[in-house]
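Accompanying notes for the structure given below.
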Amino acid sequence: MEKKTAMTKPHNLTLEEKTAQLFFPAAFINDTPEGIAQIEKLITDHGIGGLTFFHSRASAATNYEKKEVKRYEDSYERLIEMIERYQKLSSIPLLISIDAEWGLAMRIENTPQFPYALTLGSLPAEDRELIRQVGYEIGKDLKRAGIHYNLAPLADINDNPENPVIGYRSFGQDKEIVLQACRYYCEGLEEAGILNCVKHFPGHGNTRVDSHLGLPVIEKDKDALYKNELYPFRELAKSGIDSIMAGHLAVPALSGDKQLPATLSAKIIKGILRKEFEFEGVVISDALNMHSVSKLYTEKGKLERLAFEAGNDVLCFSENTIEGINQISQKCDPEEIHNSFERLMKMKSKAGLFDGNTSYKGDQSRENRKQVASDLNSLLATKSIINLSPNADSPILTKKEACRLIIIGNDEIDSFVKTLSRDRHLNVIHPESHTRLLNLQGDITTLLAVVPPSVKPLNNFGLSKENIDLIKDLIERWNPALCLFGNPYALELIPNSRSAASVVISGQLFEEYQEEAARVVTGELKASGKLPVELKL
């Protein structure tokens with residue numbers, strides 16, 4: 001295949017060429033030769049403007065059949081290779097994007113991972129500025145790989161415990177905390193030279209439907225939406241953020257239509273976001289392959305055209321890119337195409353694409369980056385672990401006090417066990433029999449570690465009914481101290497959880513969080529984290 005030699009700022013493009021720049025199809029790091037050839041053709045023959053990278057086809061939003069996601073130890077190296085390969089083929093530099101809400105680890109093996117947004121939302125007010133450092137370090141990791149554009153953070157206010165798709169990805173339930181956290185995160189990305197994307201406008205937090213699978217409907221009235229869901233977006237739109245992602249959810253109070261996704265609503269995007277909120281940055285659609293929108297139209301390219309007409313500048317994860325380019329360039333207002341194109345070019349210019357910022361920029365070894373992440377995670381753990389105990393100033397375990405530790409759920413908490421074992425005899429029990437466990441005797445302090453297998457609420461966060469019943473019985477019988485590793489909402493499965501002697505919550509299962517949680521239990525560390533959501537206990 002002939003290699004393009006020039007990478008210059010575009011001049012005198014045709015309407016069709018400008019339209020093609022607005023398309024960001026999905027690229028898969030671990031793809032087949034056929035899949036790679038398809039992307040190369042979209043670059044060389046059609047001049048697309050960017051790519052959104054996913055780990056693999058099985059892991060992407062197309063995976064509604066729950067296919068097994070294979071692990072690839074060299075995904076990071078493969079990502080760098082694919083970005084450089086695709087950039088060399090493009091006469092106009094590609095804007096490379098990825099979902100990296102909690103770091104490259106969201107998509108790629110063996111890369112630094114930082115806490116989920118909900119965990120960061122647990123930081124007390126005086127330490128919330130650490131979120132800027134998280135954004136900065138994530139941005140540095142992206143820049144090293146040749147990525148310019150992080151499709152994060154979420155400004156969704158999560159006030160629905162049953163939300164299947166937002167939940168732990170939101171900074172929490174308080175609109176002011178969500179706003180402040182988003183600002184810090186975006187500032188950190190910008191300091192690292194990475195573009196941001198606030199999502200999912202007009203607010204995906206209060207839903208019970210996963211928009212990958214179906215269309216959520218927000219039934220709130222207009223006043224309630226403006227006071228809560230829309231608030232962070234309105235304030236952020238004024239602050240010069242780079243882009244906002246429109247979500248696939250119906251908001252009839254704003255659009256007048258229960259079946260129309262916000263992504264396709266001109267009233268919501270052009271009316272509220274552009275006119276009322278005066279947002280001048282790029283509007284990017286959520287992935288157009290998601291079932292909430294992809295099944296609406298059988299005519300190829302129509303969804304893309306309607307999304308553009310509604311006000312989306314960039315069409316993400318289109319499955320009908322060529323047809324979409326044709327429909328938009330032939331049927332849409334040329335002035336609107338030009339305006340969207342200019343907004344995108346401003347983003348490309350800000351990212352340094354016309355100054356040669358198109359590929360790998362590694363300035364530290366991967367081991368150094370790993371250590372940087374570990375150090376920051378340790379600091380975040382000391383600030384974000386939560387202690388709901390009424391006597392939180394007193395240690396749960398005194399020094400050298402023997403303890404019975406019962407682990408329910410995922411038992412991979414070796415660092416927690418190791419830290420607790422330093423100064424005391426620790427009897428670690430993995431329950432095999434409910435009855436046998438309840439018949440254990442001995443006047444010994446009992447610590448119950450609950451480690452839900454999933455951070456999502458589906459199927460009780462992965463805890464079986466037997467697990468939940470056992471936890472309830474243990475609290476009733478022994479009044480143990482309870483340490484939850486995972487989503488705070490999981491406590492709602494245990495109505496008597498507040499009857500436990502103590503309740504400690506670690507939002508992450510990282511080794512650093514396990515160690516600091518153990519220090520909270522032993523009284524070496526005073527937990528200062530705050531619940532990011534209201535719990536019905």
Are more than 12 heavy atoms, taken from residues, nucleotides or ligands other than [X], located less than 6.0 Å from that residue's [atom1] atom?
| X | atom1 | value |
| --- | --- | --- |
| Glu280 | CD | no |
| Lys267 | NZ | no |
| Gln259 | CD | no |

Parallel under 30°, tilted from 30 to 60°, perpendicular over 60°: which one fits the rings of [X] and [Y]?
| X | Y | value |
| --- | --- | --- |
| Tyr168 | Trp102 | tilted |
| Phe317 | Phe28 | perpendicular |
| Phe201 | Phe233 | perpendicular |

Requested in this report: Starting from the C-alpha separation in whole Å, work towards a yes-or-no answer on side chain to side chain contact (heavy atoms under 4.5 Å, CB included) for Phe171 and Arg128.
Outcome: CA-CA 11 Å; Phe171 289 107; Arg128 210 166 287 143; over 6 Å; no

Would you indicate whether the side-chain heavy atoms of [Y] and [X] approach each other to under 4.5 Å?
| X | Y | result |
| --- | --- | --- |
| Pro488 | Leu118 | yes |
| Glu162 | Pro457 | no |
| Ile471 | Leu493 | no |
| Val533 | Pro161 | no |
| Leu236 | Ser239 | yes |
| Leu130 | Leu380 | yes |
| Thr207 | Ile218 | yes |
| Leu288 | Phe24 | no |

Donor-acceptor contact present, side-chain [X] to main-chain [Y], <3.5 Å:
| X | Y | result |
| --- | --- | --- |
| Ser502 | Ala481 | no |
| Gln514 | Leu509 | yes |
| Glu229 | Pro202 | no |
| Tyr185 | Glu101 | yes |
| Ser170 | Gly167 | no |
| Ser97 | Tyr149 | no |
| Asn391 | Ser394 | no |
| Ser243 | Asn196 | yes |
| His148 | Lys350 | no |
| Asn150 | Gly139 | no |

**Report entry** Intermediate values then yes/no, side chain to side chain contact (heavy atoms under 4.5 Å, CB included), Leu474 and Ile408
**Finding:** CA-CA 11 Å; Leu474 289 173; Ile408 296 179; 4.0 Å; yes

Requested in this report: Verify salt bridge (charged side-chain N to carboxylate O under 4.0 Å, His left out) between Asp210 and Lys456, making sure each step is shown before the conclusion.
Outcome: CA-CA 12 Å; Asp210 185 343; Lys456 298 180 181 181; over 6 Å; no

[atom2] on [Y] to [atom1] on [X], rounded to 0.5 Å:
| X | Y | atom1 | atom2 | answer |
| --- | --- | --- | --- | --- |
| Asn410 | Phe485 | CG | CZ | 10.5 Å |
| Gln173 | Asn160 | CD | CG | 9.5 Å |
| Leu179 | Tyr184 | CG | OH | 10.5 Å |
| Ile157 | Leu230 | CD1 | CG | 9.0 Å |
| Leu260 | Leu215 | CG | CG | 8.5 Å |
| His200 | Met245 | NE2 | CE | 6.0 Å |

Looking just at side-chain N and O atoms, do [X] and [Y] make a donor-acceptor pair shorter than 3.5 Å?
| X | Y | value |
| --- | --- | --- |
| Ser374 | Glu512 | yes |
| Glu515 | Thr419 | no |
| Glu176 | Gln180 | no |

Ion pair [X]/[Y], N-O distance below 4.0 Å:
| X | Y | value |
| --- | --- | --- |
| Asp99 | Lys199 | yes |
| Glu511 | Lys418 | no |
| Lys258 | Glu219 | yes |
| Lys465 | Asp469 | yes |
| Lys530 | Asp127 | no |
| Asp141 | Arg369 | yes |
| Glu235 | Lys175 | no |

Query raised in the report: Taking it one step at a time, do Phe416 and Ile407 satisfy side chain to side chain contact (heavy atoms under 4.5 Å, CB included)?
Result: CA-CA 11 Å; Phe416 184 67; Ile407 303 174; over 6 Å; no

Which pair of non-hydrogen atoms, one from [X] and one from [Y], has the smallest distance, and what is that distance?
| X | Y | result |
| --- | --- | --- |
| His204 | Asp156 | N-OD1, 2.8 Å |
| Ile386 | Leu388 | CG2-CD2, 3.6 Å |
| Leu189 | Leu195 | CD1-O, 4.2 Å |
| Ile29 | Ser75 | CG2-O, 3.4 Å |
| Ser497 | Leu482 | CB-CD2, 4.1 Å |
| Cys316 | Ser285 | N-OG, 3.1 Å |

Query - Verdict with supporting geometry, Asn387 and Ser389, side chain to side chain donor-acceptor pair (under 3.5 Å) - result: CA-CA 6 Å; Asn387 190 346; Ser389 310; 2.5 Å; yes

Query raised in the report: In this structure, which one of Glu109, Arg144, Arg366 forms a side chain to side chain donor-acceptor pair (under 3.5 Å) with Tyr76?
Result: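 Among Glu109, Arg144, Arg366, the one meeting side chain to side chain donor-acceptor pair (under 3.5 Å) with Tyr76 is Arg144.
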
Query - Steps toward side chain to side chain contact (heavy atoms under 4.5 Å, CB included) verdict (Asn487, Glu492) - result: CA-CA 10 Å; Asn487 193 321; Glu492 293 189 338; over 6 Å; no

